[in-house]
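Take a look at the structure below.
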Amino acid sequence: MLDLRYVVENLEAVRTRLCRRGDAYSASLDQIASLAQTRREAIINGERIAKELNDATAAMAKIADKKSDAFALAREKNRALGDARKTFEREQAEAELAIQDLLLGIPNEPAADVPDGRDETGNVVVKTWGAPPKMDFAPKEHHDLGTALGILDFERSARLSGPRFSVLFREGAMLERALATFMLDVHTQEHGYTEVYTPYLVKDSALYGTGNLPKFGDQLFKIAGNEERTYDLYLIPTAEVPVTNLHGKELLADDELPKKYVAFTPCFRAEAGAAGRDTRGMIRQHQFDKVEVVQLVRPEESDAAHEALTRHAETILEKLGLHYRRMLLCAGDMGASAKKTYDLEVWLPGQGCFREISSCSNFGDYQARRADLRYRPADDAKGKAKPRLLHTLNGSALAVGRTLVAILEQYQQEDGSVVIPEALRPYCRGLEKITRR
RNA sequence: GGAGGCGUGGCCGAGUGGUCGAAGGCAGCAGCUUGCUAAGCUGUCGUACGGGCAACCGUACCAUAGGUUCGAAUCCUAUCGCCUCCGCCA
C-alpha cells in the first residue's frame, strides 16, 4: 500500500509511475484525492467541536451540585455537541474506509531501474550461468523420465486429489526431502538465515499484509466451514505470507535488524486462469514445496539486500550445477506488491526452454505499511528517532518441486537413469544415480 | 467441549465514571556526579492524524469493534488473544 499523504502530495508523479504497469489507476487516484479532501474537512470540523465539548465537559465536572438546574441545562446543551461530533467522526471514518479500499487495490511503484514493458517479453536477461548439459540423444521431459523410473506418479495423485497434484515414490520422495534439507543447511549455515517453522493456515489479515488480498483471492484456497470462527483462514500460497507478517504490529529495535528468515513449507495455489497451462508434470501444481528466504531490513539497505538475497538463491542452483539465467522483470510483468523483481529461470532440456524456479523481490515499504512492520532507528544527533517502516524482501531459494524437475531433466542419461548432483549426495545416503527398478 | 481468570505506553505495573495520555518502576536519551561502583543524582522520554514556516497548538488512542453517558481505561455487548482447572486427544 502506498502512503496516503505521499499519493495526495505527488498525485501526477504517482500516476505517471503506475502507468508503467500498464494501467495508471487514474480513476482510483482521483477518487483518493477527493476523499482525502473530504476527510481533512471532517477532521477539522470534528476536532473543533471535540475541543468545544471537552471544555464544556470539564466545566461540568466543576459544578458541585449535580442536581442543580445549571447542571441540567449544561447537559442538554452538550448533548447536541456530542451528536455533532459523532456525525463528523462518522464522516471521517467513512472517507478513511473508502480511501483504504482504494489504496489496497493500487500496486507498488516500479523502481526507477526497472525496464519498461507490458509482459514477459519486456524482461531483460541479466546474466546466464553454466551451459546446457551435452546430450547426444533426445532429452526427455521430467514426467516421462520420472514415471518410467517409478518415482513419479500422476495417475494415483489424480485419483486421490484430481489434476495438478503428484505422488512421489522412493528416490523421488527422498530427493524432495534431500533438496529441502540441503537448501535449509546452505541458507542457515552459509547465508546467515534463521530457520523458522510457521502455520500453513493464516488469517485473511496476513494475506492483506503481503498484498495477496484483496485483489488476488482467486489464487488462494480458502478453508470452508466452522460457523463459530469470525475470520477467514486460507492455506498459504507461499511462506512469504506467514514469515513477512511474523513481526507485524511490533516495534523492532535497530540492533535486531536485519531479520533474515528461511522457511520450508508447502505452498497451495488455486491456479485459477491457468487452465490448460503446464497440465503435465510437476511444473504447476496446487501443492508444492518451497524454501523461502525473507528479509526485513532498514530502508536504505534494501537495494543491497535484494542483490544479496538473489545471490543466495543463485548459490543453490550453482551448487547443484544447474544451468540458469537471471531475468530482470519489466514493469508490466512484476507482481503488484513488488518494486523490483529478479526471476531465476532454470534450463529444462526436455522442454527446451528456461522456466522460472525462483522469484526474488524488493517490496520497499509497500508490504510493511500494510502489515505494520516498523522499527525504531538508532538515536541520531537530534535525539530519539521516530519509528519507521521497514523494507521487506523475499525470494524462493528455491522452489523444491521445480528443482527436482530441473535435476531430472539436466542430469538425465541416455538410458533414462538420472545422476544425482554431487552436492546432494550426502543428503541421499551417498546415492549417485537413480535407475529403473 | 465445560468452568473460571486476564488483556494498560518499548517492557513491567498502578488505576472501577469527571484535568488520566494515564502513578511508579525498568530500559532509552541528556546533563551532573565519580569513594555506595555492572553505582548515585537531576531532567527528559508514546503513537497517529490535523493545523502552523516554525516554536508549538489541537484531536484521537488503555486488545479490537460497537453501545450507554453531558463525560468512559473505568459501565454494557460482541469479537480476538492469553492463562488456570476439568474432559478429550496426536
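Hydrogens, waters and symmetry mates play no part in the numbers below; they use all other heavy atoms, side chains included. Lettering of chains follows the sequences in order, A, B, ..., and the numbering in each one begins at 1.
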5' to 3', nucleotides 59-68 of chain B under a 4.0 Å protein heavy-atom cut-off (B base, S sugar-phosphate only, - none) gives BS------S-
Under a 3.5 Å cut-off for both contacts, is [N] paired Watson-Crick or G-U wobble with anything, and if yes, with which nucleotide?
N	result
B:U37	none
B:A72	none
B:C88	none
B:A27	none
B:G9	none
B:A65	B:U77
B:G58	B:C49
B:C20	none

Taking [M] as the reference, what is the distance to [N] when you measure between their [atom1] atoms (whole Å, please)?
N	M	atom1	result
B:C75	B:U59	C1'	24 Å
B:G25	B:U34	P	25 Å
B:A14	B:C6	C1'	16 Å
B:G18	B:G71	C1'	7 Å
B:U44	B:U8	C1'	22 Å
B:G21	B:U74	P	13 Å
B:G87	B:A3	P	15 Å
B:A30	B:A22	C1'	25 Å

Separation of [Y] [atom2] from [X] [atom1] (nearest 0.5 Å):
X	Y	atom1	atom2	result
A:Gln287	A:Arg164	CD	CZ	14.0 Å
A:Glu409	A:Arg355	CD	CZ	10.0 Å
A:His143	A:Ser166	NE2	OG	12.5 Å
A:Lys260	A:Leu296	NZ	CG	12.0 Å

Of B:G50, B:U47, B:G10, the nucleotide closest to the side chain of A:Leu251 is B:G10
Quick check on contacts: within residues 196-206 of chain A, what sits under 4.0 Å from RNA chain B by heavy-atom distance?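 Nucleic-acid contacts, sorted: A:Lys203.
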Roughly how many Å is it from [atom1] in [X] to [atom2] in [N], rounded to a whole number?
X	N	atom1	atom2	result
A:Glu256	B:G10	CD	C1'	10 Å
A:Arg376	B:U47	CZ	C1'	9 Å
A:Gln92	B:A48	CD	C1'	11 Å
A:Asp255	B:G28	CG	C1'	12 Å
A:Asp372	B:A48	CG	C1'	11 Å
A:Ile43	B:C49	CD1	C1'	6 Å
A:Tyr6	B:A48	OH	P	20 Å
A:Arg369	B:A48	CZ	C1'	13 Å

| Salt bridge or not for A:Glu300 and A:Arg298, using N-O below 4.0 Å? | no
For B:U19 and A:Lys62 - does any side-chain N or O of the residue sit under 4.0 Å from the phosphate oxygens OP1/OP2? no
task = Fit a plane to each ring of A:Phe182 and A:Tyr427, take the angle between them on a 0 to 90° scale, and name the class: parallel (under 30°), tilted (30 to 60°) or perpendicular (over 60°).
result = perpendicular
Within the supplied structure, the quantity of interest is the number of heavy atoms (other residues, nucleotides, ligands) at a distance under 6.0 Å from A:Glu155 CD; does it exceed 12?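 Atom CD in A:Glu155 is not crowded, with 12 or fewer foreign heavy atoms closer than 6.0 Å.
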- Message: Tell me whether the count of non-hydrogen atoms from other residues, nucleotides or ligands lying under 6.0 Å of CD in A:Glu422 goes above 12.
- Response: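 Counting other residues, nucleotides and ligands, CD of A:Glu422 stays at 12 neighbours or fewer.
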Pair A:Arg48-A:Asn45, side-chain donor/acceptor within less than 3.5 Å: yes
| message | Can you confirm if the aromatic rings of A:His247 and A:Tyr375 lie within a centre distance of less than 6.0 Å? | response | no
### Query
Within the structure shown, what part of the strands sits under 4.0 Å from A:Leu53 by heavy-atom distance: base, sugar-phosphate, or nothing?
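Touches sugar-phosphate only.
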Check: A:Leu149 main-chain N/O paired with A:Arg170 side-chain donor or acceptor under 3.5 Å: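 Yes, because the side chain of A:Arg170 sits within donor-acceptor range (under 3.5 Å) of the backbone of A:Leu149.
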Sorted by position of nearest nucleotide on RNA chain B, 5' first, the leading residue of A:Asp3 and A:Arg79 is A:Asp3
Next item on the list: Might you point out which heavy atoms bring A:Ala239 and A:Glu292 nearest each other, and give the distance in Å?
Entry: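 Minimum heavy-atom contact is CB-CB, 3.9 Å.
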